[in-house]
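All residue numbers refer to positions in the sequence shown, counting from 1. Everything quoted here is computed from the prediction, not taken from an experiment. Atoms within each ligand, like the ligands themselves, are counted from 1 in listed order.
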Amino acid sequence: MLSSKLRQPIVVVLGHVDHGKTTLLDKIRGTALVKKEPGEMTQEVGASFVPSSVIEKLAEPLKNIIPIKLDIPGLLFIDTPGHELFSNLRRRGGSVADIAILVVDIVEGFQKQTIESVEILKERKVPFLVAANKIDRIPGWKVYDNEPFLFSFKKQSISVQKKLDELLYNNLVLQLASLNFNADRFDRVTDFTRNIAIIPVSGKTGEGIPELLAMLAGLTQRFMQGKLKFVEGPAKGVILEVKEDPGLGHTIDVIIYDGILKKNDIIILGGVNGTIVTKVRSLLLPSPLQDMRIAKTGYRSVDEVSAAAGVKISAPNLEEALAGSPIYSVDSDDKIPEFKKIIEDEISKVRFSRGVTGIVVKADSLGVLESIVYGLEKRNIPIRVADIGPISKKDVVEAELSAKDAEEYGLIAAFRVKPLPNLDTSKIKIIYDDIIYQLIDDVEKYIEDVRERRKRRTYDTLILPAKIKIMPGYVFRRSDPVIAGVEVLGGIIKPKFPLITEEGKRIGEVLQIQDNKKTIDKATKGMEVAMSIKGNIMIGRQINEGDILYSDVPKEDLEILVNNYRDTITDDMKEVIQELIKIKRAEDPLYGLTIKI
Ligand SMILES: Nc1nc2c(ncn2[C@@H]2O[C@H](COP(=O)(O)OP(=O)(O)OP(=O)(O)O)[C@@H](O)[C@H]2O)c(=O)[nH]1
């Protein structure tokens, strides 16, 4: 029988923050719970199983539109949505997840993390469909709880129907097209191998859930027969999370995607300090009748689990187990070296030390480390070391070595890891974040900032605040360039400084300064000097004798002056700064906002 040969597809949920991932997953689980017969739903760790009988029941009213006869046993949903756990569902060259639901708020459309989700799905080669969520928020939408979308849609007013299709087109179809994906509302797709199906749903009201489940089941069954073939042999899986459980010590939550895992099996997995070979002490599943999401305490022990399944493994020596690492069971000791090598090879691709000038990346799990490295490399940020575990002396030394070549790379990007005690990290920068993409953004921004600052860092290259007055009766040349006697009223003026009027209008830049016919490189308060000013100006037009001019100090230069060279600021320069801030604020409300003088 075919049905016994296919395993359940593993489904993940991704999307932008607050677009409704958790609500949608809860609704799917809740809907399934209502429709199930006693004993139909098995308990899992880190995942929820929705059996095909439930999906068929939910899709029954739709049988004329989406006819489904399911051969897969059901769908296995990974319970925690989002990038971080998804990263740990890694498998060589791809993901353990068979299909993903990309949740997008239909009203808000694609946001930053939606695009990042698409990128990460592309990278891991996971097909996806789109849940256009929160349709109940469309103005005028009438709620028909838990109905198939197509039924509820039919009962909406023409204007609401139009609005939905408009939002769907503008916020989803066009956005996906810009990422090179063809997509359409699921009931208009004729070729599912070329088009991504968009299913309008509401995680709040349950509308559209029947179609969402039917599409997931139908598509995986139809297009993934090969991948879903169940193999009776030893288990293959991935470590989702490493935990310390009361009374159990260190355990690992594992997703088994192939084969069967039995109590007392020898298992091989990746550890922080090398591969771990151990023996399954017990296989644990949540106790029956317990909400799987809060199943933290009571577990029941089983003799075996078969793919696909989420299970907690208790075994000796799991303290150093590595989330995101592959895990294999073997049926004979001879095979241990072979699988050890497979795991070592795979892990060494993700953990590396290259000796190039670049940053150091430290993370607490293999999958996350891999995602961060991938994200940084896509932004052309070089990486010297990528590794697991707390920040050590060696990491700091590596970052310091990079900093010698380029200050901006004297940086450690840390994901859920901390420095070891008593570590001197004063010579380098550490950026911490628990959100992968935030960390990548922050790293990129820091590198750019250091570069930007370096460009202007030295005092000699700063444009300093200055206030000058064109002395009446001392104009020697009215234009091209203007040559006039000026009095320095405050600050320091130098050749090449751009000048502005009291109204903030740019009028040219200082060409040369002379004192008693000798060219000088700067003039300070109280000096009366001859100055040439180049620019498209004429005395009598844009400026007049007796006018006051200021140097046009860029915002960054002012910040650097105040932050790094505070002791060079004289009282008269301070006054000029205050006047400059007033002038420049008219155009840039942020000018001088961050400085204190
Ligand atoms: N009206 C409406 N509100 C929804 C729907 N789905 C989710 N929400 C609301 O949107 C907010 C965010 O929902 P979550 O499920 O927490 O979103 P999430 O994507 O899991 O958010 P994170 O876990 O923070 O990334 C909550 O206030 C939900 O009640 C929906 O279909 N309709």
Side-chain angles (χ1 to χ4, degrees), residues 11-34 46-48 58 77-89 97 100-121 128-153 155-156 160 163-165 167-168 171-172 175 185-186 198-213 215-216 240-241 291-294 368 371 415-416 433-441:
V11 187
V12 291
V13 177
L14 293 182
H16 191 71
V17 58
D18 278 349
H19 278 198
K21 302 179 289 290
T22 308
T23 310
L24 189 66
L25 259 171
D26 284 349
K27 196 70 183 180
I28 291 170
R29 279 188 292 245
T31 312
L33 269 171
V34 173
S48 298
L58 283 167
F77 288 88
I78 301 295
D79 275 341
T80 313
H83 291 338
E84 273 65 39
L85 217 63
F86 175 74
S87 292
N88 277 343
L89 284 168
I101 305 173
L102 180 69
V103 179
V104 191
D105 181 329
I106 191 167
V107 181
E108 279 194 7
F110 266 56
Q111 300 293 322
K112 193 156 182 282
Q113 281 174 293
T114 323
I115 297 168
E116 285 157 358
S117 302
V118 173
E119 297 279 335
I120 190 170
L121 290 169
F128 64 95
L129 41 79
V130 175
N133 195 29
K134 307 199 186 181
I135 52 171
D136 61 290
R137 281 184 57 207
I138 296 172
W141 183 268
K142 277 211 214 88
V143 171
Y144 296 94
D145 277 328
N146 300 318
E147 284 223 2
F149 161 75
L150 291 172
F151 293 8
S152 174
F153 184 71
K155 292 184 264 188
Q156 306 294 328
V160 168
K163 186 71 195 161
L164 182 138
D165 275 333
L167 288 169
L168 192 127
N171 289 350
L172 302 176
Q175 296 280 359
R185 213 174 82 182
F186 70 101
I198 304 174
I199 300 132
V201 299
S202 166
K204 196 169 162 195
T205 69
E207 286 159 295
I209 300 280
E211 284 104 330
L212 182 63
L213 291 174
M215 292 298 296
L216 282 169
L240 207 52
E241 285 184 279
D291 178 350
M292 281 154 270
R293 293 192 65 224
I294 56 163
V368 169
S371 289
F415 184 93
R416 279 197 210 132
D433 212 296
D434 285 2
I435 298 170
I436 294 178
Y437 287 95
Q438 198 61 54
L439 184 63
I440 294 172
D441 278 355

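With Gln438 contributing its side chain and Asp434 its backbone, the two residues share no donor-acceptor pair below 3.5 Å. For Asp105 (side chain) and Ala132 (main-chain N/O), no donor-acceptor pair under 3.5 Å exists by modelled atom type.
Summary of contacts: the protein heavy atom closest to atom 17 (O) of ligand 1 is Gly20 N, 3.1 Å. Protein heavy atom closest to atom 8 (N) of ligand 1, with residue, atom name and distance, is Lys134 CE, 3.6 Å. For atom 31 (O) of ligand 1, the closest non-hydrogen atom on the protein side is Gly203 N, 2.9 Å. In terms of protein heavy-atom proximity, atom 14 (P) of ligand 1 is closest to Thr23 OG1, 3.4 Å. Closest protein heavy atom to atom 21 (O) of ligand 1: Asp18 N, 3.1 Å.
To the nearest 0.5 angstrom, Asn171 atom CG is 10.0 Å from Ile198 atom CD1. For the atom pair CD1 (Ile115) and CG (Leu102), the distance works out to 10.5 Å, reported to the nearest 0.5 Å.
When heavy-atom distances to ligand 1 are checked against a 4.0 Å cut-off, Asn133 comes that close only through its side chain, counted from C-beta outward. Only side-chain heavy atoms of Asp136 come within less than 4.0 Å of ligand 1; its backbone N, CA, C and O stay farther off. The backbone and the side chain of Lys21 each have at least one atom closer than 4.0 Å to an atom of ligand 1 (non-hydrogen atoms only).
Ligand 1 places these atoms under 4.0 Å from at least one heavy atom of Thr22: 15 (O), 18 (P), 20 (O), 23 (O). Atoms of ligand 1 lying under 4.0 Å from at least one heavy atom of His16, given by number and element, are 19 (O). Within ligand 1, the atoms closer than 4.0 Å to a non-hydrogen atom of Arg137 are 1 (N), numbered from 1 in the order shown. Listed by number with element, the atoms of ligand 1 under 4.0 angstrom from any heavy atom of Val17 are 24 (O), 25 (O).
A donor-acceptor pair shorter than 3.5 Å can be found between the side chains of Ser48 and Asp79.
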Applying side-chain contact (heavy atoms from CB on, under 4.5 Å), run through His83 and Glu116 and close with a yes or a no. CA-CA 9 Å; His83 291 338; Glu116 285 157 358; 3.8 Å; yes
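Taking the charged nitrogens against the carboxylate oxygens, Arg416 and Asp433 have no contact shorter than 4.0 Å, which rules out a salt bridge.
Protein non-hydrogen atoms do not reach within 4.0 Å of atom 27 (O) of ligand 1.
Checking each of Val201, Asp136, Leu164 against Ile106 for a side-chain contact (heavy atoms from CB on, under 4.5 Å) leaves exactly one that passes, namely Leu164.
Residues Glu207 and Ile135 form a side-chain contact, since some pair of their non-hydrogen atoms from C-beta on lies under 4.5 Å apart.
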